[in-house]
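One structure below.
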Amino acid sequence: MNTDTAHIVDQLVGQAMELIEENGNSGFIRQARKAATQQFRHIGFPEAGSEDWKYTNVQPWLKRTAVKEVLVTPPVTRRTCSEQLDTAVRIVTKNGKLDKGSSSAVLPAGLHVSTFTDAVLSDNEQFKAHFGTLTSQVEHFSVANASLFEEGLFVYVEPYMESDIPIHIIHKVTQSVPGFVHPRQLIIAGGKTNVNIVETFEREDGTAYTFINSMSELIVGKQAIVKHYLINTCNADVASVYNLEVQTAEDSQYHNFNFMFSGNPFIRNNIHVVMDGGNTHTKLSGLYISGEDQLVDNHTCVEHKVADCRSDEKYKGILHGSSAAVFNGKIIVHPGAQRTTAYQQNNNLIMDDMATVYTKPELQIFADDVQCTHGVTVGEFDQHALFYLQSRGIPEENCLEILMQAFAFDIIDHISHKSIKKHVAQLFITFLKLLGKHNKTK
Amino acid sequence: MLQIRELHATVNDKEILKGLNLTVKPGEVHAIMGPNGSGKSTTASVLSGNPGYTVTKGSIRFYDQNIITLKPEERAGEGIFMAFQYPVEIPGVSNINFLRTAIGEIRAYKGLPPMETRDFVKMFREKQHLLQFSNELAGRSLNEGFSGGEKKRNEILQLAMLEPRLAILDETDSGLDIDALRIVSNGVNKLRSSANAFVLITHYQRLLEHIEPDFVHVLYKGRIVRSGTKELAGELEAKGYDWLKDLPDALTDQN
């Protein structure tokens, strides 16, 4: 338990107690919240220097929630992108609560969206069966979320539903005073579904400093194919921790894309996928671009619980300014998970001398018939490539842009959905241009 | 067009060029020959503005402008092109998009509007044919997985598309088989005109059998020790470069 942030924990526990009082109508949610609150009181926020938080100091960002500051306009140097994804089913949450008015009025057949409260009131079997089953008991921020979420978002995709139209969950923060928001999602993709789920985070103008502690729990049914895109384009004055718990059933495919084109000074993603059925395939693709004094931390963990599963992970990062990136890729191959194939790669491109990368593969293998590889690169720009492009008449800054795109292209190229790919590619280019402009004015 | 006067250049603090003089006029083809380490590739790098090389003395004038302070992209804009000895592979940048970008930038430098897609495609088809450059190669990432010969053909394709006033070919013949050499030479010969000039940097006479030079220069210890017509190349082929060692110091040190 971290004593430095104990007063914040006390205050949050107080808020959780109020929530426990309010939620009289939904017995098992209340029980879960009680248990989580007890656990949160016990473990609090991570200690500085603890193994999972070695390079990531979250304390200042927690403490800022308690500073009742006057609204300040974020520094102009912070970046934001606001391109919209054209055709999509929009599900909007504001400060973690479903905003029906801003969401798509008509949902495609087979897709159900409700609040946790409504799911409980309507006695939803799926919800009851899966609520809280994946929630971590040890990850500080997951526990905090489970204790403090105000209202959850429940998304249920019926078995056999196949749709090309992305399901776009938009998390908006609009708070006028500094503080936390704890969006929580439970997403169930039934057997044999084939869907694209996009989650984006946006901060509305004029919002006070917000610590977003989000948690998504996702169940991937048998033979389902789920592509899940996280796109963080928040600008300044947001610190974000995103906790993702995924469980995949046999013969399913889960592909997570994690794009961080953001101006927020602090990003931590905890991505945890448990492959619970044979013959499943998990892919994790990440792309982070950081600048100034940003910190981007990705902790991923893939568990091979049973035999005959495959995981592929590739994270790439481009670091500018004095920013820092942390990548920790854990792969656990459980006893009996024979014929496992697991690949992991983390490549970093450093644009400025002051930027730092901390990268660590962490393989725990308890089976003997296993193929695992991991690789890490941290490199600077290829000066030969730069000169080659320049010698063909292309100005230096455009060359840098071309080379950054070339470095990252394979991650974006992996997106098979046409309009999502186009959208992400556009965001990426817009973001690089903003960053280039900013670097030029330095 | 090009006037190099008393050029001295260093790489990693080591002086490679020690007083190079060369004059090139429009319509001419010059060959620079010489043994390994004589400064041939350094000459090409210095002309194209490679930041790894430092000019310590002398001048390079291109159409009455001293280009030593110009960036590589500005030199390209002025119409200088170098075909690389070792073209760089850049995964993720498609050949064709790269060409479009380069043409757009050079036109912008000259104050010209962007080229119409239709015109670009037409031009590309012609040059593609000239260098027997397949669609498959054109669609791939820049030089990625290209054979040595394919890379060199791609260099000449870029040359053909960018239409420079001065083209420097840095050992374009090295690593080429007979067929590729013929295609490349044929391409260069078709591109020759009274308005442009070529500087061929080569180790062997072989290339000069296909592309006939107007002048041949022998580079040794960072300066030109002999100049002549194409017959000089034949002489070098017969005698090798060893005779250079026997030259009186007065010739190699002062010229």
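Here is the naming used below: chain letters follow the sequence lines, and residue numbers restart at 1 for every chain.
- Atom CD in A:Q390 sits 11.5 Å away from atom CD in B:E105 (nearest 0.5 Å).
- The structure places CD of B:E73 at 9.5 Å from CD1 of A:I394, a figure rounded to the nearest 0.5 Å.
- Here B:R153 pairs with nothing under the salt bridge (Lys or Arg N to Asp or Glu O under 4.0 Å) rule; sequence neighbours left out.
- By the 4.5 Å heavy-atom criterion applied to side chains, A:H384 and B:V88 are counted as neighbours.
- Neither the backbone nor the side chain of A:D410 has a heavy atom closer than 4.5 Å to any heavy atom of chain B.
- At a 4.5 Å heavy-atom cutoff, A:Q383 makes no contact with chain B through either its backbone or its side chain.
- Side-chain N or O atoms of A:Q405 include none that pairs as donor or acceptor with a backbone N or O of B:G92 at under 3.5 Å.
- Looking at B:P164, neither its backbone nor its side chain comes within 4.5 Å of chain A, counting heavy atoms on both sides.
- No more than 12 heavy atoms of other residues, nucleotides or ligands lie within 6.0 Å of OH in B:Y86, so this atom counts as exposed by the packing criterion.
- A:D382 is linked by a salt bridge (Lys or Arg N to Asp or Glu O under 4.0 Å) to nothing, counting only residues two or more places apart in sequence or in another chain.
- Counted within 6.0 Å of NE2 on A:H417, heavy atoms from surrounding residues, nucleotides or ligands total more than 12; the atom is thus considered enclosed.
- The residue from A:I402, A:L389, A:N398 that alone fulfils the side chain to side chain contact (heavy atoms under 4.5 Å, CB included) condition with B:T101 is A:I402.
- Residue-environment remark: NZ (B:K71) stays at or below the threshold of 12 foreign heavy atoms within 6.0 Å.
- Counting heavy atoms of neighbouring residues, nucleotides and ligands inside a 6.0 Å radius, atom CD of B:E116 does not exceed 12 of them.
- Looking at every heavy atom in both residues, A:A406 comes nearest to B:I90 through CB-CG2, 4.4 Å.
- For A:L386, no part sits under 4.5 Å from any heavy atom of chain B, backbone or side chain.
- Interface remark: B:L142 contributes side-chain atoms only to the contact with chain A (heavy atom separation under 4.5 Å).
- Heavy-atom pairs under 4.5 Å with chain B peak, among A:F407, A:Y388, A:F409, at A:Y388.
- For the side chain to side chain contact (heavy atoms under 4.5 Å, CB included) with A:R392, the lone residue among B:L162, B:I103, B:L99 that qualifies is B:L162.
- Other residues, nucleotides and ligands contribute more than 12 heavy atoms inside 6.0 Å of the NZ atom of A:K421.
- In the displayed structure, B:Q65 atom CD is contacted under 6.0 Å by more than 12 heavy atoms of other residues, nucleotides or ligands.
- Note on ring orientation: taking the six-membered ring where Trp is involved, the planes of B:F84 and A:F387 are tilted (angle from 30° to 60°).
- Once rounded to the nearest 0.5 Å, the distance linking CD1 of B:I80 with OG of A:S391 reads 11.5 Å.
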